[in-house]
Enquirer: 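A single structure is presented below for examination.
Residue numbers begin at 1 in each chain, while the letters A, B, ... track the order of the sequences.
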Number of protein chains: 2
Amino acid sequence: MVSQRDRRNGSAVARKLSTPDADNAPTAEMPAVTENGGEEARVRSIPEAAVARLAVYLRVLSAMSEQGATTVASEELATAAGVNSAKLRKDLSYLGSYGTRGVGYEVAVLVAQLERILGLTRQHKVAVVGIGNLGHALANYGGFPGRGFPVEALFDIDPDLIGVPVGGIPVSHLNDIPEVCSERGISIGVIATPPPAAQTVADRLVQGGVQCVLNFAPVVLQVPDHVEVRKVDLAVELQILSFHVARRAENVGNGMVVR
Amino acid sequence: MVSQRDRRNGSAVARKLSTPDADNAPTAEMPAVTENGGEEARVRSIPEAAVARLAVYLRVLSAMSEQGATTVASEELATAAGVNSAKLRKDLSYLGSYGTRGVGYEVAVLVAQLERILGLTRQHKVAVVGIGNLGHALANYGGFPGRGFPVEALFDIDPDLIGVPVGGIPVSHLNDIPEVCSERGISIGVIATPPPAAQTVADRLVQGGVQCVLNFAPVVLQVPDHVEVRKVDLAVELQILSFHVARRAENVGNGMVVR
DNA sequence: GGCTGTGAATACATTCACAGCA
DNA sequence: TGCTGTGAATGTATTCACAGCC
């Protein structure tokens, strides 16, 4: 009888089976390496939900920057990012105080800070596993979102594919995942295999020293605590949409044409 | 013109820009149908976060069912779905009381209830817009996740693609989106175009009567209130992973490789 | 005994509203 | 004056813990 009581702190062997479910990760803590130096890592924590939005702000800001904007107000940036300005300011405040009251934020400064916080000053080499339709598409993304995430290894189990270059990279065999990932310093593994293969692939990626997994296969992966998993699940997305259609139909009652 | 769901007393305030939903991964703002003004409002409101998990439970249950399981306990189902059992029971309780104390849930019953709640008893025809690498992959998914979501229209702007069948469906021109969607009764539009085209495509989908959009383009879409948008953003996913790597690296104390 | 269902308690996230600074 | 930054207030989601039923 496992008492639910004591699973709070001792993470010892506790081996929680729960895998991060997209939004299951609580706020992340991070050392605030603010300019103040000296002081040791005062650990500020950025809510997980905010992190996702920071990435969006960064993209919007980059676009603004390219169009020559040098400064931007929270209201403007918020609108462009599809959030309200209070939330935006709160989110940005987690980085520190980089705005100017009465004026707004300097675009370049904000971009730099966001890149720093998001760890984009470093390269993250990506491996794509499963070169089917989706994997092929991902491999051809060629350097994923605006560099910073170069695809440097591809894997599949199909003998006809092994050695064939896709997007400039030859496909290796699934068995070689640990070795190749290790050699090439892969830090992010993208799983685009059929569901039954996903767990094995994940295991091998972990063996190869991969720290993060982006999982497109509709299965719950079991990985060690130090590996971060995010999941993209098309079926779930569609079903959520379906739910909203259904709910709407019920709410409206009869008379409404619903597809 | 069919009345597009009139607003409940309480929320008459808002009429600003249809705030496109933030993101789906970490959090989601709900269309706030919170209060059930009417007495007979049998539609218990289910938390958005729970809905996403219900879809996962359904998949796991379907697999269990195929393996011959007829009954399942919350602990078992929870483990398989990657959540804890308290959360699972709470989630299932939103559907009603379909379990048996001391025993567990009957798999078939639960599957049926989940399908009902998620609106899967009805078909949702899908259109894919943008037949590039990703769109191609999506189109070839052929009926998407285990039927219920048949792909019935494809669109692109490239003249060389128009008329060419992909996964059995000929590609139509972007301009024909409203007409074709309307004719074929498309209810879900999947946007896999380059970013600049996305908003225009969304507008046309809405014109064609589409109620839901799954957006792979990294832009914030503006749509009317009655249209539900969900977004899948690879760049954001990778950057969130990057954030966690960076945080971990800093905690460990070694310098970051900057280039 | 085993397991569900659920109020109560807690944790997390968003919004409000205003002090404080350029 | 205009806009940021943030505590306080509100709203949502998760977890606890146990009553109730098999």
Enquirer: Hey, is the main chain of H124(B) close enough, under 3.5 Å, to the side chain of S187(B) for a donor-acceptor pair?
Expert: no

Enquirer: Rounded to whole Å, how long is the line connecting atom CG of N84(B) with atom P of dT15(D)?
Expert: 5 Å

Enquirer: Write down the distance between OH (Y98(A)) and P (dT6(D)), rounded to a whole number of angstrom.
Expert: 12 Å

Enquirer: How close or far is atom P of dT15(C) from atom CD of E75(A), stated in whole angstroms?
Expert: 13 Å

Enquirer: Any donor-acceptor pair under 3.5 Å linking the side chain of S62(A) with the backbone of L58(A)?
Expert: yes

Enquirer: Can you check whether S74(B) has a side-chain N or O nearer than 4.0 Å to OP1 or OP2 of dT4(C)?
Expert: yes

Enquirer: Rounded to the nearest 0.5 Å, what separation is found between the OH atom of Y57(A) and the OG atom of S74(A)?
Expert: 10.5 Å

Enquirer: E106(B) has an atom CD; how far is it from atom P of dT4(C), in whole Å?
Expert: 13 Å

Enquirer: What I want to find out is whether E48(A) reaches R230(A) closely enough, with some N-O distance under 4.0 Å, to be called a salt bridge.
Expert: yes

Enquirer: Starting from C1' on dT15(C), measure out to CZ on R53(A) and report it in whole angstrom.
Expert: 12 Å

Enquirer: Nearest whole angstrom, please: distance from the P of dT6(D) to the CG of D91(A).
Expert: 13 Å

Enquirer: Any idea which of dA8(D), dT14(D), dG5(D) is nearest the A49(B) side chain?
Expert: dT14(D)

Enquirer: Are the side chains of Q222(B) and Q199(B) in contact, using a 4.5 Å heavy-atom criterion?
Expert: yes

Enquirer: Taking atom C1' of dA13(D) as reference, at what distance in whole Å does atom CG of L92(B) sit?
Expert: 16 Å

Enquirer: Could you verify whether a donor N or O on one side chain and an acceptor N or O on the other, from E75(A) and S85(A), lie under 3.5 Å apart?
Expert: yes

Enquirer: What I'd like to find out is whether the side chain of N215(A) reaches to under 4.5 Å of the side chain of V190(A), using heavy atoms alone.
Expert: no

Enquirer: When you get a sec, tell me which of dC22(D), dG5(C), dT6(D) is the closest nucleotide to the side chain of R89(B)?
Expert: dG5(C)

Enquirer: Quick check on DNA chain C: between G104(B) and V103(A), whose nearest nucleotide comes earlier from the 5' end?
Expert: G104(B)

Enquirer: Rounded off to whole Å, could you give me the NZ-to-C1' distance for the K87(A) and dG5(D) pair?
Expert: 17 Å

Enquirer: Quick one: is dG5(D) close enough that its OP1 or OP2 comes under 4.0 Å of any side-chain N or O from Y105(A)?
Expert: yes

Enquirer: Nucleotides 19-21 of chain C: which of its N/O atoms have a protein N/O under 3.5 Å away?
Expert:
unit_1: dG20(C); atom_1: N3; unit_2: R101(A); atom_2: NH1; d: 3.2

